[in-house]
Amino acid sequence: MIQLRTLADGGQSPAEIARLLASFLERAKQTLNIAIYDVNLGDETEQIVLGTLRSSSQRGVRVRLLYNVDRRPPGKIAPPPPKTHPDEIEALPFATCGVPGWPDLMHHKYVVRDGASVWTGSTNWTDDSWSREENVIAVVDSTSVANRYSEDFEQLWHTKEVRKSGRVSTEQVEGIRTWFSPKRGERLALRIAHAIASAERRVRIASPVITSGPILGTLAEAVADGKVDLAGVVDNTQVNEVLAQWAANPIKTWKAPALRTTLATASFSGKRSTPYAPGAVHDYMHAKVTVCDDTVFVGSFNLSHSGESNAENVLEIEDAALAERLAGYVDDVRARYPGVQLS
């Protein structure tokens, strides 16, 4: 029911992932509902992916595409803005809808196909995302899970407001619990924090940054207790940017020392990604995975305070084999990079 594809910096080509996505899209018979934060494709990948959407629409599939509209104030570069060109999206020959995404982002990367299958995870539709970033793609074949994603999609499509989305049940269906923020964002952070606190063997984390209060506080306690094998990987560049922002704030927060202690004491590595600049490569450590014993959280949700307010989605799955695979993925990524170096 669940298929995973993990991505590594330099581990696959954009065309390879474009063809994988196209193979999911082209099997649609009735509907494709897409919510995507960032769309920026080269000539080859655009022809593969957008060409598939155009042909799907032409043969009668109802295609709808939600995208994030970034209208941030001048000078605001955190988080790095998407590269989507709204005029190009609006020119597509099917229904599109821009959702204002500042300061709370429409951060989803999901597709619901025929109300029966879902493509989700951390992976945007950009050549950099598919070749230069660590990411995870999850495909779930389940009508029950697809129904949850469809609920969230319709909320965004009809309200065009991030803050009014995510009012979706979190009850387990077919062994999977679905989480959508912002309506369930605080509860999701508490759920992940509880899973970390309850872990008896291992905790593995891949997240660009870690700033969610409940999660960071629980990690700091776990590090102090030293009773569980705790390790992970972050984006070193973005973490240092967060620490600089906190340092410039006259209201000091407990989070900075907690984050420093957690990353320095536990076995965390950090990818030194390219700082954001217009036209620069997006080579971030972009995966969002938490493994607590045999429970997995995977989706678009950074372990950040802002993630609780964004439009995000997460799959919570209790499965020993899946947990082992994703814990191994985190360890593989962690091994590629040096220990975190904090400014």
Shortest non-hydrogen contact from Ser343 toward Asn240: N-OD1, 2.8 Å

Closest heavy-atom pair and its distance - Val162, Pro100: CG2-O, 3.8 Å

For Tyr337 against Gly270, the heavy-atom pair lying closest together: CB-O, 3.6 Å

Heavy atoms from other residues, nucleotides or ligands near CD of Glu26 exceed 12 (cutoff 6.0 Å): yes

Close side-chain approach of Phe180 and Pro182, heavy atoms under 4.5 Å: no

Heavy-atom donor-acceptor pair, Asn135 side chain to Ser129 backbone, under 3.5 Å: yes

Asp9 with Arg336: basic N within carboxylate O range, under 4.0 Å: no

Under 3.5 Å donor-acceptor, Asn249 side chain and Lys252 backbone: no

Hydrophobic cluster membership, Trp119 vs Met106, 4.5 Å side-chain cutoff: no

Expected output: side-chain Ser57 to main-chain Arg54 donor-acceptor under 3.5 Å: no

Side chain to side chain, Val291 and Val203, heavy atoms closer than 4.5 Å: no

Side-chain heavy-atom pair Val111, Leu32 within 4.5 angstrom cut-off: yes

Spacing of Glu312 atom CD and Lys288 atom NZ [to the nearest 0.5 Å]: 7.5 Å

Contact summary for Arg334 and Ser269, nearest pair of heavy atoms: O-OG, 2.9 Å

Neighbour count >12 (heavy atoms, 6.0 Å) for atom NE2, His158: yes

Donor-acceptor contact below 3.5 Å, side chain Arg202 vs main chain Asp293: yes

Step-by-step side-chain contact (heavy atoms from CB on, under 4.5 Å) determination, Phe94 to Arg64: CA-CA 7 Å; Phe94 46 79; Arg64 293 186 292 170; over 6 Å; no

Electrostatic pair Lys227:Asp225 at N-O distance under 4.0 angstrom: no

Residue pair Tyr67 / Glu90, side-chain donor-acceptor N/O under 3.5 Å: yes

Arg148 vs Glu171, salt bridge (charged side-chain N to carboxylate O under 4.0 Å, His left out): CA-CA, chis, key distance, verdict: CA-CA 10 Å; Arg148 298 280 179 82; Glu171 292 300 311; over 6 Å; no

Presence of salt bridge, Asp235 and Arg272, under 4.0 angstrom: no

Side-chain touch Met1/Val140, heavy atoms, less than 4.5 angstrom: yes

Hydrophobic cluster identity match, Val330 and Leu326, side-chain contacts under 4.5 Å: yes

Short side-chain to backbone donor-acceptor contact, His286 and Thr123, under 3.5 Å: no

From Thr237 atom OG1 to Met285 atom CE, the distance as rounded to the nearest 0.5 Å: 11.5 Å

Non-hydrogen side-chain atoms of Trp246 and Leu259 separated by less than 4.5 Å: yes

More than 12 heavy atoms from other groups under 6.0 Å of CG on Asp87: yes

Plane angle bin for Tyr149 and Tyr110 - parallel if under 30°, tilted between 30 and 60°, otherwise perpendicular: perpendicular

Minimum heavy-atom distance between Asp141 and Ser117, given as atom pair plus value: OD1-OG, 2.7 Å

Lys/Arg cation over aromatic Phe24: Arg113, 6.0 Å, 45° cone: yes

Heavy-atom donor-acceptor pair, Ser181 side chain to Lys183 backbone, under 3.5 Å: no

Within 6.0 angstrom of Arg201 CZ, more than 12 heavy atoms from elsewhere: yes

Atom CD of Gln12: over 12 foreign heavy atoms under 6.0 Å: yes

Side-chain donor/acceptor of Lys160 to backbone N/O of Gly98, under 3.5 Å: no

Common cluster, Val118/Leu21, ILVMFWY with side-chain heavy-atom separation under 4.5 Å: no

Distance-only polar pair, side chains of Lys271 and Asn236, donor-acceptor under 3.5 Å: no

Linked, directly or transitively: Leu20 and Tyr329 (ILVMFWY side chains, under 4.5 Å): no

CD1-CD distance between Ile210 and Gln238, expressed to the nearest 0.5 angstrom: 12.0 Å

side-chain contact (heavy atoms from CB on, under 4.5 Å) between Val314 and Val298, worked out: CA-CA 5 Å; Val314 168; Val298 61; over 6 Å; no

Working for side-chain contact (heavy atoms from CB on, under 4.5 Å), residues Leu92 and Leu53: CA-CA 9 Å; Leu92 292 168; Leu53 291 178; 5.7 Å; no

Nearest-0.5 Å distance, OG1 of residue Thr52 to CZ of residue Arg19: 11.5 Å

Backbone of Gly166 reached by a side-chain donor or acceptor of Asp152 within 3.5 Å: yes

Spacing of NE2 belonging to His194 relative to OG1 belonging to Thr295, to within rounding of 0.5 Å: 9.5 Å

Ser304 side chain to Ser306 side chain, donor-acceptor N/O pair below 3.5 angstrom: yes

Distance-only donor-acceptor check, side chains Thr290 and Arg204, under 3.5 Å: no

Any donor-acceptor pair under 3.5 Å from Asp38 side chain to Thr84 backbone: yes

Shortest non-hydrogen contact between Leu322 and Asp319, atoms and distance: N-OD1, 2.7 Å

Cluster overlap Leu105 with Val168, hydrophobic side-chain contacts below 4.5 Å: no

Any Val296 side-chain heavy atom under 4.5 Å of Arg325 side chain: no

side-chain contact (heavy atoms from CB on, under 4.5 Å) between Val49 and Leu25, worked out: CA-CA 8 Å; Val49 174; Leu25 300 172; 4.2 Å; yes

Heavy atoms from other residues, nucleotides or ligands near CZ of Arg71 exceed 12 (cutoff 6.0 Å): no

CD (Gln30) with more than 12 external heavy atoms under 6.0 Å: no

Distance in Å, Ile192 CD1 paired with Leu219 CG, rounded so as to fall on 0.5 Å steps: 10.0 Å

Sidechain-backbone polar pair: Asp283 side chain, Thr274 backbone, donor-acceptor under 3.5 Å: yes

Parallel, tilted or perpendicular: rings of Tyr284 and His282 (30°, 60°): tilted

Contact check, side chains of Phe301 and Asn313, non-hydrogen atoms, under 4.5 Å: no

Residue of the set Ile36, Asn40, Ile17 for which side chain to side chain contact (heavy atoms under 4.5 Å, CB included) holds with Trp125: Ile36

Heavy-atom check, side chain of Ile137 versus side chain of Leu4, under 4.5 Å: no

